[in-house]
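Just so you know, residue 1 is the first one in the sequence shown, and it goes up from there.
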Amino acid sequence: MSTLHIVFANELPEALTRCWSESDALLLAGPCVVAALTADTSLPSPCYALDDAVRSRGLNAQWPSHIPRLSHSDWLNLLAQHQRSLSWS
């Protein structure tokens, strides 16, 4: 069963690695978007970010191209692709 993990916290929770399955996806939806810019942070794949969270923190110029930025409607489409979602805050 695939899960969309939505992280609103300041950093990725340690428990995320224990809950992660091969078919899961990660959505960075809050302050944790900054983790995508930290070299020592390994993010699970696939990983996405809410465009609003990226733009509101002024991260447009340095945003890594391998992490797609999603609109709110894209987020809904991503939710529909997974059997469940789990929010982390």
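Counted by atom type alone, W20 and H5 present zero donor-acceptor pairs between their side chains at under 3.5 Å. S71 and S73 form a side-chain donor-acceptor contact under 3.5 Å, judged by distance and modelled atom types alone.
The structure places OG of S2 at 6.5 Å from CG of D24, a figure rounded to the nearest 0.5 Å. The CZ atom of R84 sits 13.5 Å away from the CG atom of L79 when rounded to the nearest 0.5 Å. Rounded to the nearest 0.5 angstrom, H66 NE2 and L43 CG are separated by 6.5 Å. The CG atom of D52 sits 5.0 Å away from the CZ atom of R55 when rounded to the nearest 0.5 Å. Residue L27 holds its CG atom at 4.5 Å from CG of L50, rounded to the nearest 0.5 Å. Rounding to the nearest 0.5 Å places CG of L78 at 5.5 Å from OH of Y48.
Closest of all the heavy-atom pairs between P64 and A36 is CG-O, 3.8 Å. Taking each heavy atom of N60 and R69 in turn, the nearest pair found is OD1-NH2, 2.9 Å. Residues C47 and I67 approach most closely at O-CG2, 3.7 Å, considering heavy atoms. Scanning all heavy atoms of the two residues, the minimum distance from S56 to A53 falls at OG-O, 3.3 Å.
Grouping the Ile, Leu, Val, Met, Phe, Trp and Tyr side chains by contacts below 4.5 angstrom, directly or via other members, places V7 with L59. Using a 4.5 Å cut-off between side-chain heavy atoms of Ile, Leu, Val, Met, Phe, Trp and Tyr, with links allowed through other members, L86 and L28 fall into the same hydrophobic cluster. Under the 4.5 Å side-chain heavy-atom criterion for grouping Ile, Leu, Val, Met, Phe, Trp and Tyr, L70 is not connected to L26 through any hydrophobic cluster. In terms of hydrophobic clustering, with Ile, Leu, Val, Met, Phe, Trp and Tyr side chains grouped at heavy-atom distances under 4.5 Å, V54 and L4 are assigned to different clusters.
A 4.5 Å side-chain heavy-atom check between D51 and D74 finds every atom pair outside the cut-off. Between W75 and I6, some side-chain heavy-atom pair lies under the 4.5 Å cut-off. Contact of the T3 side chain with the C19 side chain is not registered, since no non-hydrogen atoms from C-beta on lie closer than 4.5 Å.
Crowding of Q62 atom CD: a count of heavy atoms from other residues, nucleotides or ligands under 6.0 Å exceeding 12.
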Dump the intermediate steps for side chain to side chain contact (heavy atoms under 4.5 Å, CB included) on F8 and C32, then the final yes or no. CA-CA 7 Å; F8 295 96; C32 65; over 6 Å; no
